[in-house]
Amino acid sequence: MRVPLMAANWKMHKTVGEALAFVEAFLPRVRGVDGIEIVLAPPFTALDRTGEALAGSGVALAAQDCHAERFGAFTGEISATMLEDLGCTYAIVGHSERRTLCGETDTEVAGKAATLLRHGIRPIVCVGESLTEREEGRAFDRVGEQVDKSLASVPADKASEIVVAYEPIWAIGTGRTASPADAQEMHAFVRECLAKRFGDGAHGVRIQYGGSVKPENVYALMAQPDIDGALVGGASLDPESFAKIVCFAPPEESP
Ligand code: PEP
């Protein structure tokens, strides 16, 4: 049984004060939510104070990236040791914005994921094809390659600690979501790739969908058998909107 994992990726949004105001408004809205894991990924600058505000709430703290090395001369970078020190239990790695804007490679993502696992931090490893790759019929090859290479350093006994986020690039921040059927098809494919690497362990790996998830479309996505959660950007910035996503009630029951 895979526990659904609903994660907010705030990207480069929210000062410390704004993050704390979010937590104050958000926690009462998800109090009593059972059987769903909730994660907030604020920017690095707000991790410490957000972590303090979340203490005892059951909502987990995540970073949006991490360096593969444990320490050293890497100006501007943040290590897994530092994230562990702040109480992060998850970290997003390989987000398409970092792959595109910072030229991050699958090999680098694999290094980050391996380092995080050594520090007891669960990596949320992002994969996803571009619009051109989808239109040219290369989406499955691209995603399969990313899964293989980005998880190359994950030992089989750690499989259940990783999360894969399938985020088609053309759906991120565009308002255009993959249909539940298309998303399910890719998630089932990702699980096949995981099974080749981890055997039966693949059944325990949570695969999130990301790309313009909103309160209005989350229920249909979460109804798919291989969609185990959502990684949410824009719609996670508002406490009410993200709380509705976390609860993923059928549209007619949505509060
Ligand atoms: C993301 O950046 O991970 C994301 C899915 O963004 P959005 O929900 O805004 O598409």
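Read the numbers this way: they start at 1 and go in the same order the structure lists the ligands and their atoms. Note that this is a predicted model, so its numbers are computed, not measured.
The 4.0 Å heavy-atom shell around ligand 1 contains residues N9, K11, H95, E167, A171, I172, G173, G210, G211, S212, L231, V232, G233, G234, ordered by chain and number.
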Start with the C-alpha distance between Q146 and Y166, add both sets of side-chain angles, then the distance that settles side-chain hydrogen bond (donor to acceptor under 3.5 Å, both in side chains), and finish with yes or no.
CA-CA 10 Å; Q146 287 178 325; Y166 167 59; over 6 Å; no
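Taking the six-membered ring for Trp and the full ring otherwise, the centers of Y219 and F248 sit at least 6.0 Å from each other.
Looking at heavy atoms from C-beta onward, I169 lies out of side-chain contact with R134 at the 4.5 angstrom threshold.
No salt bridge links R206 with D226; every basic N to acidic carboxylate O contact stays at or beyond 4.0 Å. Note on E216 versus K244: no salt bridge recorded, every NZ/NE/NH1/NH2 to OD/OE distance being 4.0 Å or above.
Here K214 pairs with nothing under the side-chain hydrogen bond (donor to acceptor under 3.5 Å, both in side chains) rule; sequence neighbours left out.
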